[in-house]
Amino acid sequence: ALAEEIGETVALAVWGNMGLTIVRWVESRRPVNVNLRTGSVMPLLHSAIGLCFATFFDSPLLQRRVEEELLINARAEESRGPVTRAQLDELTTDFRKHGLSRVAGSLIPGINAFCAPVFNHDGKMALAITGLGPAGLVPPNWNGPIPAAIRAAALDISRRMGWRDAG
């Protein structure tokens, strides 16, 4: 339903045994050249899915992987993601404020994405729901219709899973 509403590709991801794994992929109605599919394992610090988990998922294992990826980013000549904890903290603060993460072409050039957390009955992040598409059709604007629809879908699924907003 979300893919139909926004007219773009939608993905669901969970924390799997190999990391952040796409478990459902719904293509947009128009051709988009993206080399991701069900089963793809996503990077933590330069994908909307990874940054959503880094922001909202509470796990010591995830935090160890974040530290490893920060070290890798710091050693790289060019990094598509944050290279220091301070840079990551600045991003996650912004993402918490907006209730979802975003990337603008950092994973796949020309493709923007927004990703919102879905919480279970215990208030823990259970999965992430992402919408992505060409930058010209999915601008990185926090207040656009696509991020609003993704936030609303994540909230609806969270409530169906028994989550209750404390606020």
Side-chain angles (χ1 to χ4, degrees), residues 1-16 19-57 62 65-66 69-70 72-73 76-119 125-158:
L2 178 61
E4 285 295 318
E5 179 182 348
I6 66 174
E8 301 299 339
T9 299
V10 170
L12 295 178
V14 298
W15 180 259
L20 304 169
T21 306
I22 295 175
V23 295
R24 181 81 166 100
W25 184 266
V26 180
E27 298 276 348
S28 78
R29 290 172 275 184
R30 81 181 136 282
V32 178
N33 192 10
V34 177
N35 193 21
L36 297 172
R37 297 287 177 262
T38 300
S40 294
V41 176
M42 303 303 293
L44 273 171
L45 300 183
H46 64 273
S47 70
I49 291 170
L51 288 165
C52 187
F53 272 88
T55 301
F56 299 102
F57 188 67
L62 178 128
R65 295 242 178 119
V66 163
E69 206 164 308
L70 284 170
I72 291 167
N73 288 353
E77 283 186 34
E78 289 184 38
S79 176
R80 295 181 284 174
V83 297
T84 66
R85 174 53 79 170
Q87 290 173 336
L88 178 60
D89 289 347
E90 185 177 329
L91 285 173
T92 59
T93 297
D94 196 32
F95 298 158
R96 281 187 193 91
K97 180 176 113 183
H98 293 285
L100 71 167
S101 64
R102 71 176 175 190
V103 295
S106 66
L107 181 62
I108 302 167
I111 301 293
N112 293 346
F114 289 90
C115 186
V118 174
F119 298 99
M125 184 177 173
L127 61 104
I129 186 166
T130 305
L132 60 119
L137 299 172
V138 182
N141 176 340
W142 285 117
N143 298 317
I146 290 175
I150 294 166
R151 270 191 301 264
L155 180 60
D156 180 56
I157 296 167
S158 295

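Using a distance-only test at 3.5 Å, with no hydrogens or angles considered, a donor-acceptor pair links the side chain of Arg102 to the main chain of Pro140. With hydrogens and angles disregarded, no donor-acceptor distance shorter than 3.5 Å links the side chain of Arg85 to the backbone of Leu70. Ser158 contributes a side-chain N or O that, together with a main-chain N or O of Phe119, makes up a donor-acceptor pair within less than 3.5 Å. A donor-acceptor pair under 3.5 Å is absent between the side-chain atoms of Arg151 and the main chain of Ala116, judged by distance alone. No donor-acceptor pair closer than 3.5 Å links the side chain of Glu8 to the backbone N or O of Gly133.
A heavy-atom distance below 4.5 Å is found between the side chains of Trp15 and Leu20. When side chains are defined from C-beta on, Leu132 does not count as touching Val138, because their heavy atoms never get closer than 4.5 Å. The shortest side-chain heavy-atom distance between Leu44 and Leu51 does not fall under the 4.5 Å cut-off. Side-chain atoms of Cys52 and Met125, non-hydrogen and from C-beta on, do get closer than 4.5 Å to each other. A 4.5 Å side-chain heavy-atom check between Asn73 and Thr84 finds every atom pair outside the cut-off. Looking at heavy atoms from C-beta onward, Thr55 lies in side-chain contact with Arg96 at the 4.5 angstrom threshold.
Taking every heavy atom of both residues into account, Ala3 and Val26 meet most closely at CB-CG1, 3.6 Å. Residue Ile146 comes nearest to Leu137 through the heavy atom pair CD1-O, 3.7 Å, listed as atom of the first residue, atom of the second, then distance. Nearest approach of Asn112 to Ala104, heavy atoms of both residues: OD1-CA, 3.0 Å. Across Ile6 and Ala149, no two heavy atoms sit closer than the pair CG2-CB, 3.6 Å. For the residue pair Asn141 and Pro147, the shortest heavy atom distance occurs at O-CG, 3.3 Å. A pairwise comparison of heavy atoms in Val66 and Ala54 identifies CG2-CB, 4.3 Å as the closest pair.
Atom CD1 in Ile150 sits 9.0 Å away from atom OG in Ser101 (nearest 0.5 Å). Expressed to the nearest 0.5 Å, how far CH2 of Trp142 lies from NZ of Lys97 amounts to 9.0 Å. Within the model, atoms CD1 of Ile157 and CG of Leu2 stand 7.5 Å from one another, a figure rounded to the nearest 0.5 Å. Thr130 contributes atom OG1, which lies 7.5 Å from atom CE of Met42 (distance to the nearest 0.5 angstrom). One finds the CD1 atom of Ile22 at 12.0 Å from the CZ atom of Arg24 (value rounded to the nearest 0.5 Å). Atom CD1 of residue Ile72 and atom CG of residue Leu45 lie 9.0 Å apart, to the nearest 0.5 angstrom.
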